[in-house]
There are 2 protein chains.
Amino acid sequence: MKIAEVSKKYEVSSDTLRYYERVGLLRRVPRNASGVREYGEADCARIEFVKCMRSAGVPIEALIEYLELYEQGDETAPRRKALLVEQRDLIQQRIDAMREGLNRLNAKIDSYETVMMDAERGMRQRESGNAD
Amino acid sequence: MKIAEVSKKYEVSSDTLRYYERVGLLRRVPRNASGVREYGEADCARIEFVKCMRSAGVPIEALIEYLELYEQGDETAPRRKALLVEQRDLIQQRIDAMREGLNRLNAKIDSYETVMMDAERGMRQRESGNAD
DNA sequence: GCTTGACTTGAAGCGGGCTCCAGGTGTTTC
DNA sequence: GAAACACCTGGAGCCCGCTTCAAGTCAAGC
């Protein structure tokens, strides 16, 4: 697969794919005779994984580190695992923060609904507590 | 409350508080005779809200817009609500993405656990499928 | 054989969100 | 009254993660 196809398939821009390779997220992707990238199965799998991790908020740095460890062989397994656990916990924390935000927003939205319905009924009720 | 106290209370740096004010997230905080910020109840409530929204990933721009609408009076209520709904939905999407990442990570971590336990048992089993 | 289009590279630029700095003022403390 | 400290301002700098740009190469179609 050439870069454009991969880009389309995973909804990641060609520029980003090249960028990922540059910074070490994708090791050297093989080129054909005229220097054009030819992505293989493994590359695609990696891209898919990276995309998933990135959209979950895992920093590029952490992914690079993970990959480097991975390429250093079996004896890095414990460190790799620790890295994954750390990132998992960070994601969990962010999810928690977002859930709190979500709750706040939902409460606010509900109160807007109430206020607007009241307004429609011509009650012109004071809208209060909506800008905490 | 002076800036240092607020900073401590909400774990937001003084620089960030001044920055928020500069960009319009906190309207003009009152100053005492010698120009020092004196944060009131309402300011604190706002800061707490902003902190919550920020850590949920709501962009500063959106918060500014919301506040501006708020200050323009009751007739902006529908637009404000729409803005909140939009942000809520974005948060929800991000949570979904993060949950997927979380699941992937947990699966991977589990497999590391298995592999490492096997290794301990001296089974030296090939660790496979851990760098998708 | 010339245009078109997809690709290549290295380097610079950008947007968001702070964070830091220099230089200055005001209040306490010894 | 000098030093220490908390604050002020405007502006520059920084980190992350892309994104854009300029200049060039190659393969295919007309």
Side-chain angles (χ1 to χ4, degrees), chain A residues 1-40 43 46-47 49-67 87 90-91 94 97-98 101, chain B residues 1-40 43-44 46-47 49-67 86-87 90-91 94 97-98 101:
Chain A
M1 283 182 114
K2 298 225 186 73
I3 202 165
E5 299 168 83
V6 177
S7 164
K8 199 170 213 170
K9 181 165 179 189
Y10 296 105
E11 300 182 282
V12 176
S13 81
S14 304
D15 281 318
T16 299
L17 290 172
R18 282 188 282 255
Y19 166 72
Y20 282 172
E21 191 177 342
R22 260 212 315 277
V23 299
L25 260 187
L26 236 51
R27 89 262 246 202
R28 197 96 189 137
V29 174
R31 318 300 167 103
N32 69 16
S34 42
V36 173
R37 284 171 183 82
E38 193 57 53
Y39 293 85
D43 299 307
R46 186 95 96 194
I47 288 162
F49 176 64
V50 166
K51 189 195 169 187
C52 177
M53 291 301 109
R54 287 293 306 127
S55 56
V58 177
I60 285 178
E61 269 292 320
L63 295 173
I64 293 173
E65 198 181 338
Y66 178 75
L67 284 182
Q87 291 304 321
L90 288 172
I91 291 177
R94 267 175 278 134
M98 295 177 77
Chain B
M1 284 181 111
K2 298 224 186 72
I3 202 164
E5 301 168 82
V6 177
S7 164
K8 200 170 213 169
K9 182 165 178 190
Y10 296 105
E11 299 181 282
V12 176
S13 82
S14 303
D15 278 320
T16 299
L17 289 172
R18 282 187 283 256
Y19 166 72
Y20 281 172
E21 192 177 341
R22 263 212 312 275
V23 299
L25 260 187
L26 237 50
R27 87 263 247 201
R28 197 94 190 139
V29 174
R31 316 300 166 104
N32 70 15
S34 40
V36 173
R37 284 172 184 81
E38 193 58 53
Y39 293 85
D43 298 308
C44 288
R46 185 95 95 193
I47 288 162
F49 176 65
V50 167
K51 190 196 169 186
C52 177
M53 291 300 109
R54 287 294 305 126
S55 55
V58 177
I60 286 180
E61 269 293 319
L63 294 173
I64 293 173
E65 197 180 339
Y66 178 74
L67 284 182
E86 189 188 333
Q87 292 303 321
L90 288 172
I91 292 179
R94 267 175 277 136
M98 296 177 75

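Heavy-atom basis, side chains included; hydrogens, waters and symmetry copies ignored. In what follows, chains are A, B, ... by sequence order, proteins preceding strands, each numbered from 1.
When rounded to the nearest whole Å, the span between OH of B:Y39 and P of D:dC8 equals 7 Å. Distance, A:R28 CZ to C:dT8 C1': 11 Å, rounded to whole Å. The nearest whole Å value for the distance from the CG atom in B:D15 to the P atom in C:dA22 is 14 Å. The separation between A:I60 atom CD1 and D:dC16 atom P is 10 Å, rounded to whole Å. Residue B:K51 contributes atom NZ, which lies 17 Å from atom P of C:dG17 at whole-angstrom precision. Between the CZ atom of A:R31 and the C1' atom of D:dC26 there is a distance of 15 Å, rounded to whole Å. In this entry the distance linking NZ of A:K8 with C1' of C:dA6 reads 13 Å, nearest Å. Distance CG (A:N32) to P (C:dC7): 11 Å, rounded to an integer number of Å.
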- List the steps, then state whether side-chain contact (heavy atoms from CB on, under 4.5 Å) holds for B:R46 with B:L67. CA-CA 10 Å; B:R46 185 95 95 193; B:L67 284 182; 2.8 Å; yes
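With D:dC18, C:dC7, C:dC20 as the choices, the nucleotide that has an atom nearest any side-chain atom of A:I3 turns out to be C:dC7. Checking C:dT8, D:dT19, D:dC7 against the side-chain heavy atoms of A:V36 singles out C:dT8 as nearest.
Mapping B:E61 and B:A33 onto DNA chain C via the closest heavy atom, the residue that lands nearer the 5' end is B:E61.
Contacts between residues 17-26 of chain B and DNA chain C, defined by a heavy-atom separation below 4.0 Å, involve B:Y19, B:Y20, B:R22, listed by number.
One finds no side-chain N or O of A:R37 lying less than 4.0 angstrom from the OP1 or OP2 phosphate oxygen of C:dC7. Regarding contacts with the backbone of D:dT19, a side-chain N or O of A:S13 is found under 4.0 angstrom from either OP1 or OP2. OP1 or OP2 of C:dT27 sits under 4.0 Å from a side-chain N or O of B:S34. At C:dT19, one or more side-chain N or O atoms of B:T16 fall inside 4.0 Å of OP1 or OP2 (strictly under the cut-off).
Put simply, the side chain of B:M1 reaches to within 4.5 Å of the side chain of B:K9, judged on heavy atoms. For the pair B:V50 and B:M53, the minimum side-chain heavy-atom distance is 4.5 Å or more.
With sequence neighbours left out, the side-chain contact (heavy atoms from CB on, under 4.5 Å) criterion links B:A62 to B:V58, B:P59, B:L83, B:Q87.
Between the side chain of B:R31 and the backbone N or O of B:V29, at least one donor-acceptor pair lies under 3.5 Å.
Taken to the nearest 0.5 Å, the CG atom of A:L17 stands 11.0 Å off from the NZ atom of A:K51.
Across all non-hydrogen atoms, the minimal contact from A:L26 to A:E21 is CB-CA, 4.0 Å.
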